[in-house]
Amino acid sequence: MVEKSLNKFFENFLQKEPLFINKKSLQSNYTPNHVPHRKEQIDQVAGILAPALRSEKPSNIFIYGKTGTGKSLTVTHVCKNLNQIAKKNKIPLKIIYLNCKLKRVADTEYRLVAQLVRELGLEVPSTGLPTEEIYKLFVEKVEEVNQLLVIILDEIDQLVRKIGDELLYNLTRLNAELKGSQISLIGISNDLLFTDQLDPRVKSSLSEEEILFPPYNAIQLQSILRQRSKLAFREGTLAEGVIEKCAAYAAREHGDARRALELLRVSGEIAERKNLPKISINHIDEAEEKIEKDRILDITITQPKQFKLALFSMLTVCEGSNHKIFTGEVYESYRDTCARCAVKPLTQRRLSDIIAEFDMLGIIQAKTISKGRYGRTREISLAIPLSLVPKIKNLLKESLNL
DNA sequence: CGAGATTCATGTGAAGTATACCTTTAGGCTTAA
DNA sequence: AAGCCTAAAGGTATACTTCACATGAATCTCGTA
């Protein structure tokens, strides 16, 4: 019985005209052949990197602009082309892209360099070696072939905020040790004021060239959406005004094109699931909710155990009280939670750091305040919709065996 | 009444510890000459 | 004697703990008007 209805469901699914022709073109890692409204920046990046084709070291580049202004896209687009030409003409050129905020991948100096070595095709242990040694391995591996190496460090601001700018200094200094090869760095930052916090030496060598990416305006966003949706959807799937609304939503958030595209894609998925032939304006609101929800759920389930416990405690305390909550309360609740699932609790010192990390992730907002006679603490409030709290708590409960 | 001292709860930095993993080295065993 | 394997020794990065000091405004204290 069940089998039969399931069969039918899949049959129907197959017969249905899909809304999407090519969903990939709306996903955030997609690189279109043509990048609109970024001609100037593309030319700049290309101009700076071009000497690589003559085996001269290109200047380091520092790129900044808000999220979704096409920074990564532009750079990968240029590099893709550069790589093709280099390959065709047998020019030794290697381009490595690294996202620095990935937890447990590139969030410390050791791990970042280790990751670089891995990209060059050499397995290295996750811990145990001196950082010096890792640098040495890296240099050796680079020197194996006389080549130019372009390293793209995305979201570099997050990394430096966490571990300082020494890493960048070391990287820029490596060129002095290299004989046949040379390294160029491309730093990408979402924080416009980031360079101010850098050591002047690092700053001057990292930003030999600087490129600013301004936000897209609503008109530009619309044209981007049109271009991509032509690839992604069957004709006539978009109701009147859908693109305009997506663009408007994204323009409201400092012209974030990534968000606009995501809105469109998720709207499409929602419509498809509902068996509707068209995407309507209402789906966009649903999509916005879903995106936010997915983002938060994704962050929560990928946290390490102690972080989950801490989050669970914060949610519990927040639920139970209507005022802003403080570190002390969270810690008490956290200890209870630990006791319930037989985990040895961390110290308050450590919890304090964990809370600060959640603040960075944007799950909560934490502000240190002084309550005068009653001490000093963090004032914590949730940065997620209240309606989501029970769902997250359940998820956490499950994964913690509570 | 107001200036300055006090106080509280926790932020925060530095140094120390536990753990998991790494390489090196020394000793013991086997093997081949 | 040379080669190979193994286990101990000695090293590192990372997550965490311990210790000690810093913070900063509400509250208290006490001198003065």
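Letters A, B, ... mirror the listed sequences (proteins, then strands); counts begin at 1.
With a 6.0 Å cutoff to the six-membered ring centre and a 45° limit on the axis angle, A:Lys393 counts as a cation-pi contact of A:Phe312. Under the 6.0 Å distance and 45° angle rule, A:Arg201 counts as a cation-pi partner of A:Tyr169. A cation-pi arrangement is absent between A:Arg265 and A:Phe20 under the rule of less than 6.0 angstrom and at most 45 degrees off the ring axis.
Nucleotide B:dC22 holds its C1' atom 14 Å from the NZ atom of A:Lys136, rounded to whole Å. One interatomic measurement links the two molecules: CD of A:Glu132 to P of B:dT23, which rounds to 17 Å at whole-angstrom precision. Rounded to whole Å, atom C1' of B:dT17 lies 11 Å from atom NZ of A:Lys344.
Here A:Pro345 lies in heavy-atom contact (under 4.0 Å) with sugar-phosphate atoms only.
For NZ of A:Lys305, the number of neighbouring non-hydrogen atoms (other residues, nucleotides, ligands) closer than 6.0 Å is 12 at most. Other residues, nucleotides and ligands contribute more than 12 heavy atoms inside 6.0 Å of the CG atom of A:Asp196. Counting non-hydrogen atoms of other residues, nucleotides and ligands closer than 6.0 Å to CD of A:Glu40 gives a total of 12 or fewer.
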Are any protein N/O atoms closer than 3.5 Å to N/O atoms in nucleotides 19-21 of chain B? If there are, list each pair with its distance.
none

Could you go through nucleotides 9-11 of chain B and list every protein N or O atom that sits under 3.5 Å from one of its N or O atoms, giving the distance for each pair?
{"residue": "B:dA9", "atom": "N3", "partner": "A:Arg376", "partner atom": "N", "Å": "3.0"}
{"residue": "B:dT10", "atom": "OP1", "partner": "A:Gly328", "partner atom": "N", "Å": "3.0"}
{"residue": "B:dT10", "atom": "O4'", "partner": "A:Arg376", "partner atom": "O", "Å": "2.6"}
{"residue": "B:dG11", "atom": "OP1", "partner": "A:Thr327", "partner atom": "OG1", "Å": "2.4"}
{"residue": "B:dG11", "atom": "OP1", "partner": "A:Arg378", "partner atom": "N", "Å": "3.2"}
{"residue": "B:dG11", "atom": "OP2", "partner": "A:Ser352", "partner atom": "OG", "Å": "3.3"}

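Think of the region where chain A sits on DNA chain C: with heavy atoms and a 4.0 Å cut, that region ends 5' and 3' at C:dG11 to C:dT27.
Look at A:Glu292 and A:Arg295 and you find a salt bridge, because one of the NZ, NE, NH1 or NH2 atoms lies within 4.0 Å of a carboxylate O, short of that distance. Salt bridge status for A:Arg161 with A:Asp191: present, with a side-chain N to carboxylate O gap under 4.0 Å.
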* Taking it one step at a time, do A:Lys103 and A:Gln303 satisfy side-chain hydrogen bond (donor to acceptor under 3.5 Å, both in side chains)? -> CA-CA 9 Å; A:Lys103 212 162 183 168; A:Gln303 291 304 313; 3.1 Å; yes
* To do: Would you check, one step at a time, whether the test side-chain contact (heavy atoms from CB on, under 4.5 Å) holds for A:Val113 with A:Thr131?
  => CA-CA 8 Å; A:Val113 181; A:Thr131 310; 5.6 Å; no
